[in-house]
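Everything below concerns the one structure shown next.
Residue numbers run from 1 in the order of the sequence given. Computed from heavy atoms alone, side chains included, the values below leave out hydrogens, waters and symmetry copies.
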Amino acid sequence: MKIDRLIGILSILLQKDVVTAPWLAEQFEVSRRTINRDIEDLCKAGIPIVTKQGSNGGISIMDNYKMERTLLTNAEMQDILAGLRSLDSVNGTNRYGQLMEKLSVGASDFMTGNQTVLLDLSSWYKDSLAPKIELIRSAIEHCRELEFFYYAPRGESERRIEPYYLIFRWSSWYVWGWCKAKEDFRLFKLNRMDKLGLSENTYSKRTVPLPELGDERIFPGGIHVKALFDAGCKWRLVEEFGTGCFEEQADGKLLFHADYTDKEHLITWLLTFRDQVELLEPEEIKREMHEALIRTLRRYEGGEEE
């Protein structure tokens, strides 16, 4: 992408006294004419670049601008590179690793050996997620509509959207776009999307509101949960809710308090603890769990009889 190349060229010029257009063309795998156009664009953006002809000539930033070579501190560059590296962990390519090398020319301490932050955004679903992410990015870049089959708690449906943002939140990937069926902006989870493809239709970009991603909106609470856990469950409670979610009782059991959003998710979560938890409140969900467990027991007892 051109913006990546411009950032890379500027970074090199801030770190080197003089470079040549052929050398830049080789580094960025483009023609010399493209590099010359990039230099013109940087000049138009206010960067004081000078070019000199001859055997000792080349491209450089004016001497009186050299004081700005501390444009990015070491820590700031480390944060940028950590973010770029994390994107490679998602899509399974080395595209951003190559950009990192270009950004860090002349500053080897920015590369491996001095990093203090490592981000890996990949998941168990990397093989299926990476192609989806690449396809969605291409659709956004070229203003192409997306078509897919979507699995949601309320049912399954075919959807067509105008995609605008790829979002990583709550350990999952989402796409934010204008849904043709609902005639409104919607958030779609990539893991629930199937048969994803580019539509032949293009779209003109709308004025796009940013999605409201606050936890209090997506996970508003409303179900006040009180449960008694065995002591061996402490590590899971701390990992998922923090140390303030329970009170340790005299017998070692853990009295758990929390607000939960979704009843079905709550029941599913409690069942993962098997016989190590007793739900105390709410009473109506306690009854539902009791009835569900009885039905489950009958199903397994019926299987044994056969």
Side-chain angles (χ1 to χ4, degrees), residues 1-8 10 34 37-38 40-42 44-46 79-80 82-93 95-96 99 119 121-123 125-222 261-262 265:
M1 294 177 63
K2 182 173 181 178
I3 186 63
D4 294 342
R5 194 171 61 249
L6 291 176
I7 293 173
L10 178 58
T34 297
R37 286 198 296 265
D38 290 341
E40 290 179 7
D41 289 339
L42 288 172
K44 291 177 183 178
D79 289 343
I80 291 173
L84 294 175
R85 196 179 298 107
S86 71
L87 292 175
D88 271 343
S89 73
V90 172
N91 58 27
T93 69
R95 174 191 306 159
Y96 296 99
L99 176 58
L119 304 177
L121 303 182
S122 59
S123 73
Y125 309 100
K126 182 177 180 179
D127 290 343
S128 61
L129 273 177
K132 290 179 181 177
I133 289 172
E134 287 298 294
L135 187 64
I136 293 170
R137 288 191 61 186
S138 176
I140 294 172
E141 182 177 353
H142 297 100
C143 294
R144 292 273 298 276
E145 292 181 0
L146 285 171
E147 298 174 330
F148 53 91
F149 195 79
Y150 196 65
Y151 296 87
R154 296 183 180 180
E156 305 161 12
S157 59
E158 293 183 352
R159 298 295 184 99
R160 187 159 52 92
I161 68 168
E162 300 171 3
Y164 288 99
Y165 292 106
L166 265 169
I167 300 167
F168 183 79
R169 189 71 189 270
W170 313 295
S171 302
S172 296
W173 283 92
Y174 301 81
V175 59
W176 173 252
W178 176 266
C179 178
K180 296 291 186 174
K182 302 297 183 181
E183 295 187 341
D184 198 2
F185 288 97
R186 289 289 189 272
L187 197 64
F188 298 93
K189 193 171 186 176
L190 267 60
N191 276 346
R192 295 181 184 169
M193 300 166 69
D194 190 26
K195 301 176 183 176
L196 177 66
L198 290 175
S199 167
E200 294 298 325
N201 299 330
T202 59
Y203 60 91
S204 299
K205 290 186 177 180
R206 303 171 184 266
T207 300
V208 186
L210 292 175
E212 296 184 35
L213 299 176
D215 292 348
E216 62 279 359
R217 175 176 173 80
I218 305 300
F219 307 110
T261 302
D262 184 90
H265 287 173

Could you work out, with side chain to side chain donor-acceptor pair (under 3.5 Å) as the rule, every residue matching D194, not counting sequence neighbours? none

Atom pair CG (N191) and OH (Y174), whose distance is rounded to the nearest 0.5 Å: 9.0 Å

Locate the shortest heavy-atom distance separating V208 from W176; write the atom from each residue and the value. CG1-NE1, 3.7 Å

Kindly write out the residues that satisfy side-chain contact (heavy atoms from CB on, under 4.5 Å) with R186, not counting sequence neighbours, or none if the list is empty. C179, K182, D184, F188

Say you draw a straight line from CZ of R37 to CG of L42; how long is it, rounded to the nearest 0.5 Å? 13.5 Å

Mind listing the side-chain donor-acceptor pairs of residues 151-161 below 3.5 Å, one per line with the distance, residues two or more places apart or on another chain?
unit_1: S157; atom_1: OG; unit_2: R159; atom_2: NE; d: 3.0
unit_1: R160; atom_1: NH1; unit_2: E145; atom_2: OE1; d: 2.5

Which residues satisfy the side chain to side chain donor-acceptor pair (under 3.5 Å) test with Y164, sequence neighbours excluded? E162

Excluding sequence neighbours, so at least two apart, what forms side-chain contact (heavy atoms from CB on, under 4.5 Å) with T202? R144

Just verifying a value: how many Å separate L196 CG and L135 CG, rounded to the nearest 0.5 Å? 4.5 Å

Please enumerate all residues that pass side-chain contact (heavy atoms from CB on, under 4.5 Å) together with L190, with sequence neighbours excluded. L129, K132, I133, I136, L166, W173, V175, M193

Here's a test for you: under side-chain hydrogen bond (donor to acceptor under 3.5 Å, both in side chains), which of D38, D41, T34 qualifies with R5? D38

Can you find a pair of side-chain heavy atoms, one from Y150 and one from R192, that are under 4.5 Å apart? yes

